[in-house]
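Contents: one structure, followed by commentary.
FYI, the numbering just counts along the sequence from 1. On a predicted model such as this, the values are computed, not experimentally measured, just so you know.
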Amino acid sequence: MASRTGDNGVVSEAIPVTRAVDHGTAKLMPDVDRERAWLLTVDGAPQSYVDLDEPTYLEFEYTRRLGYVLDTVAGEGLALDVVHLGGGALTLPRYLAATRPGSRQDVVEADRGLLDLVVEHLPVPAGSGVVLHSADARAWLEAAPDDSADVLIADVFGGSRVPAHLTSLTYAREAERVLRPDGVYLANLADAAPFGFLRSQLANFAAVFEELALIAEPGVLRGRRFGNAVLVASHRPVDTAAVARLTAADVFPARVEHGPALRDFIGAAQPVGDSEAVPSPEPPDGAFGIG
């Protein structure tokens with residue numbers, strides 16, 4: 001069991017915390033290898049990993065890929081206005097507060113109980129520029145001002161699936177409206193061959209943005225297994241070469257698809273209206289579970 005040193009200098013064991021939240025059962029589990037690091041799960045599915053002493057440490061592969069894009073969307077250390085749809089344990093808000101101090105960040109999380117749990121046990125340092133909102137992601141987005149964000153990050157899962165109302169062309173248009181002209185949209189998605197869901201999401205954003213990229217492990221892109229894919233959409237080119245170098249050097253290397261190869265991947269897929277939108281596919285047993 002990991003140990004923690006209190007303000008009085010006494011060393012004690014960190015104890016897992018389990019709580020019923022609005023949309024399931026959340027559990028915070030201390031990492032035995034890192035002194036103030038925690039894994040958040042909801043109904044057994046890993047949601048976030050946070051190291052309170054080292055907020056730039058990103059444990060999950062997909063969060064590192066998001067981090068690589070965030071590192072390259074603007075000059076080093078430049079503050080940004082960022083909207084996070086989906087809060088979890090606030091991994092990326094903490095990362096950006098450390099790597100881009102002075103950034104203004106809005107975090108939108110539908111589960112008020114989960115937010116309360118995170119604020120109580122894993123508080124964000126004062127002055128971090130992170131503002132928390134308990135609201136439905138799409139409803140909050142629809143009420144947000146035009147051209148108000150530099151980056152919009154969507155990592156919203158109801159259980160282990162992206163909700164249907166966040167998978168339509170109308171939603172993509174709302175995201176584009178809230179972003180500034182040079183803004184960047186990022187999303188964590190998950191699918192497997194034949195990629196019906198992923199192709200439809202790419203088709204949605206291809207109808208709204210000029211530039212698209214997709215980051216995923218080669219095994220996922222080849223249809224060998226279910227897995228995460230990071231979608232990047234913008235009106236101006238992102239530095240895909242820099243992102244490709246970073247992802248290729250990762251412990252779990254990934255590929256960056258863009259241009260003609262990505263258009264070929266989308267194929268004949270069409271944008272999806274609100275009435276036809278469906279949640280992302282149910283992951284197979286054990287895809288994201290923990291032992």
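- Cluster membership check: V131 does not share its hydrophobic cluster with L85, using side-chain heavy-atom separations under 4.5 Å among Ile, Leu, Val, Met, Phe, Trp and Tyr.
- Expressed to the nearest 0.5 Å, how far CG of L58 lies from CG of D51 amounts to 10.5 Å.
- Applying the side-chain hydrogen bond (donor to acceptor under 3.5 Å, both in side chains) test to pairs two or more places apart or on separate chains, those with a residue in residues 86-101 are D71-Y95.
- A salt bridge is defined here as a Lys NZ or Arg NE, NH1 or NH2 lying under 4.0 Å from an Asp or Glu carboxylate O, and D22 with R112 fails to meet this definition.
- Annotation: the span from F265 atom CZ to L214 atom CG amounts to 6.0 Å, rounded to 0.5 Å.
- Remark: F197 pairs with no residue by the ring-ring contact (aromatic ring centres under 6.0 Å, His included) rule, at least two apart or across chains.
- Checked by atom type, the side-chain pair E109/H133 shows no donor-acceptor distance below 3.5 Å.
- Remark: E76 CD is loosely packed, at most 12 non-hydrogen atoms of other residues, nucleotides or ligands lying under 6.0 Å away.
- Cluster partners of V251 are F252, counting Ile, Leu, Val, Met, Phe, Trp and Tyr whose side-chain heavy atoms approach within less than 4.5 Å, directly or via other members.
- Cluster membership for L78 and V69, using ILVMFWY side-chain heavy atoms within less than 4.5 angstrom, is not shared.
- Within a 6.0 Å sphere centred on CZ of R161, heavy atoms belonging to other residues, nucleotides or ligands number more than 12.
- Here the options are R255, R225, R224, the test is salt bridge (charged side-chain N to carboxylate O under 4.0 Å, His left out), and the partner is E217; only R225 passes.
- A donor-acceptor pair shorter than 3.5 Å can be found between the side chains of D136 and H165.
- In this structure, the separation between CD1 on I266 and CD on E257 is 11.0 Å, given to the nearest 0.5 Å.
- Between the side chains of Y171 and D274, no donor-acceptor pair of N or O atoms lies under 3.5 Å.
- Two different hydrophobic clusters hold L212 and V272 under the rule that ILVMFWY side chains link at heavy-atom gaps under 4.5 Å.
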Side-chain donor-acceptor pairs of residues 275-283 under 3.5 Å, sequence neighbours excluded:
from	atom 1	to	atom 2	distance (Å)
E276	OE1	G273	N	3.1
S280	OG	V162	N	2.6
E282	OE2	S160	OG	3.2

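- Not counting sequence neighbours, the partners of F205 by the ring-ring contact (aromatic ring centres under 6.0 Å, His included) test are Y185.
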Derivation of the side chain to side chain donor-acceptor pair (under 3.5 Å) call for H235 and E211: CA-CA 6 Å; H235 287 302; E211 301 289 337; over 6 Å; no
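- Evaluation of the salt bridge (charged side-chain N to carboxylate O under 4.0 Å, His left out) test over residues 142-154, restricted to residues two or more places apart or in two chains, returns R138-E142, D146-R177, D150-R180.
- Here the CZ-CG distance, from F60 to L66, works out to 12.5 Å after rounding to the nearest 0.5 Å.
- Using a 3.5 Å distance cut-off with no hydrogens or angles, the side chains of D239 and T72 do not pair a donor with an acceptor.
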